[in-house]
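Read through the structure below, which is laid out as structure tokens, and then see the notes.
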Amino acid sequence: MAPKLYKLDVSPPVRAVYLTAEALGVELEHVEVNFPKGESLKPEFKKLNPQHTIPTLDDDGKIIWDSHAIIIYLVSKYGKDNSLYPEDPYERAVINQRLHFESGVLFALIRAIVRPMVTKGVKTIPEHLIQEVFEAYAFLNKFLEGHQWVAGDQLTIADFSVLSSTTSLNHIAPIDADKYPNVVAWIQKAEQLPYYKVNQKGLNDFKDLVERLLS
Ligand SMILES: N[C@@H](CCC(=O)N[C@@H](CS)C(=O)NCC(=O)O)C(=O)O
């Protein structure tokens with residue numbers, strides 16, 4: 001039985017799971033949870049995940065949420081090898097750092113900017129948050145200095161996680177190629193992955209959502 005993924009394409013962490021599943025060749029059964037319409041707050045979903053966040057995975061009754069936990073689980077359980085999350089302690093530590101960067105910085109900024117727009121109808125983005133997004137691009141640009149991918153020279157789950165939110169933030173605060181050339185080159189490389197399209201559809205939805213909320 002295919003693992004069930006509770007999802008909505010617009011969500012960046014959901015798209016990190018899509019990219020990981022595609023890279024691994026794991027088929028997922030998709031269950032839509034339209035959180036902007038309040039569906040994540042339904043009692044049956046809260047029973048599965050009291051934190052009521054998507055993505056949430058149900059693998060034969062084993063419930064896992066938080067995209068970072070899910071993508072590590074998918075590689076560990078379904079990967080033919082560990083190349084997307086190598087076992088070497090230092091390589092793994094660097095990947096984990098990038099995953100926490102996604103969670104604590106990139107996604108935290110998306111949440112701080114978009115949530116007031118969705119829940120309170122706020123139509124402006126505070127300048128200090130835009131500056132924080134630029135600071136995050138600068139960090140990412142540094143991580144990528146002299147490297148092909150965000151955690152070194154090998155594609156890992158850190159790329160899928162960081163890519164889904166960075167490409168989303170690009171529709172909030174455009175990434176300047178002159179200031180952050182490594183970030184732009186890395187996104188262009190990722191766009192060549194044969195399964196990149198699984199990020200693109202939800203990214204278009206995200207762009208439309210932000211434009212609609214700001215208009
Ligand atoms: N750190 C979490 C973030 C998950 C998250 O906040 N997802 C949002 C959608 S992008 C959500 O489920 N919001 C609905 C809710 O909190 O009820 C992850 O990586 O999975």
Side-chain angles (χ1 to χ4, degrees), residues 3-23 26 28 30-59 62-76 84-85 95-122 125 129 132-133 136 140 150-151 156-172 198-214:
K4 219 183 259 184
L5 182 72
Y6 293 83
K7 57 95 198 187
L8 195 68
D9 297 349
V10 74
S11 156
V14 162
R15 286 183 265 123
V17 176
Y18 289 170
L19 286 162
T20 306
E22 285 291 321
V26 174
L28 299 172
H30 288 201
V31 182
E32 190 157 295
V33 179
N34 195 327
F35 65 90
K37 290 193 175 153
E39 288 181 10
S40 58
L41 300 175
K42 285 188 175 169
E44 56 269 31
F45 186 63
K46 285 198 339 196
K47 214 163 141 186
L48 275 186
N49 171 357
Q51 217 181 321
H52 55 81
T53 52
I54 56 161
T56 292
L57 190 79
D58 177 349
D59 191 5
K62 295 187 192 80
I63 311 300
I64 306 162
W65 66 90
D66 194 285
S67 61
H68 311 88
I70 294 171
I71 61 182
I72 290 171
Y73 174 82
L74 288 177
V75 176
S76 312
L84 289 172
Y85 192 53
I95 294 168
N96 291 342
Q97 183 277 321
R98 305 308 194 236
L99 295 178
H100 285 284
F101 176 72
E102 196 284 332
S103 194
V105 178
L106 299 172
F107 185 76
L109 282 165
I110 293 177
R111 193 183 164 94
I113 292 169
V114 179
R115 203 182 156 95
M117 298 189 205
V118 175
T119 60
K120 298 195 182 112
V122 170
I125 304 174
L129 291 179
E132 283 188 45
V133 175
L140 187 53
V150 289
T156 68
I157 52 172
D159 291 285
F160 300 148
S161 182
V162 173
L163 189 66
S164 65
S165 37
T166 304
T167 52
S168 301
L169 282 167
N170 188 32
H171 292 300
I172 291 173
V198 297
N199 186 49
Q200 192 60 56
K201 183 193 169 293
L203 186 58
N204 296 342
D205 294 348
F206 183 88
K207 176 175 180 278
D208 293 347
L209 175 74
V210 170
E211 281 174 3
R212 201 170 58 244
L213 290 169
L214 286 176

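Ligands are counted one by one from 1 in listed order, and the atoms in each one are counted from 1 as well.
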### Task
Would you please test Arg98 and Asp159 for side-chain contact (heavy atoms from CB on, under 4.5 Å) and show each step?
CA-CA 8 Å; Arg98 305 308 194 236; Asp159 291 285; over 6 Å; no
### Message
Among Pro13, Pro50, Pro55, exactly one meets side chain to side chain contact (heavy atoms under 4.5 Å, CB included) together with Trp65. Which residue is that?
### Response
Pro50
### Task
From the options Thr119, Leu209, Leu213, Leu8, select the one residue that forms a side chain to side chain contact (heavy atoms under 4.5 Å, CB included) with Pro36.
Leu8
### Summary
The reported gap from OG in Ser40 to CG in Leu48 (rounded to nearest 0.5 angstrom) is 12.0 Å
Output, or 'none' if empty, a list of ligand 1-protein atom pairs in which both atoms are N or O and the distance is under 3.5 Å, rounded to 0.1 Å.
unit_1	atom_1	unit_2	atom_2	d
ligand 1	1 (N)	Asp66	OD2	3.0
ligand 1	7 (N)	Ile54	O	2.9
ligand 1	12 (O)	Ile54	N	2.7
ligand 1	17 (O)	Ser40	OG	2.7
ligand 1	17 (O)	His52	O	2.9
ligand 1	17 (O)	His52	ND1	2.7
ligand 1	19 (O)	Ser67	N	3.3
ligand 1	19 (O)	Ser67	OG	2.6
ligand 1	20 (O)	Ser67	N	2.8

#### Entry: Test salt bridge (charged side-chain N to carboxylate O under 4.0 Å, His left out) applied to Glu44 - qualifying residues, sequence neighbours left out
none
### Query
Do Asn49 and Tyr6 meet the criterion of a side-chain donor-acceptor pair at a distance under 3.5 Å?
no
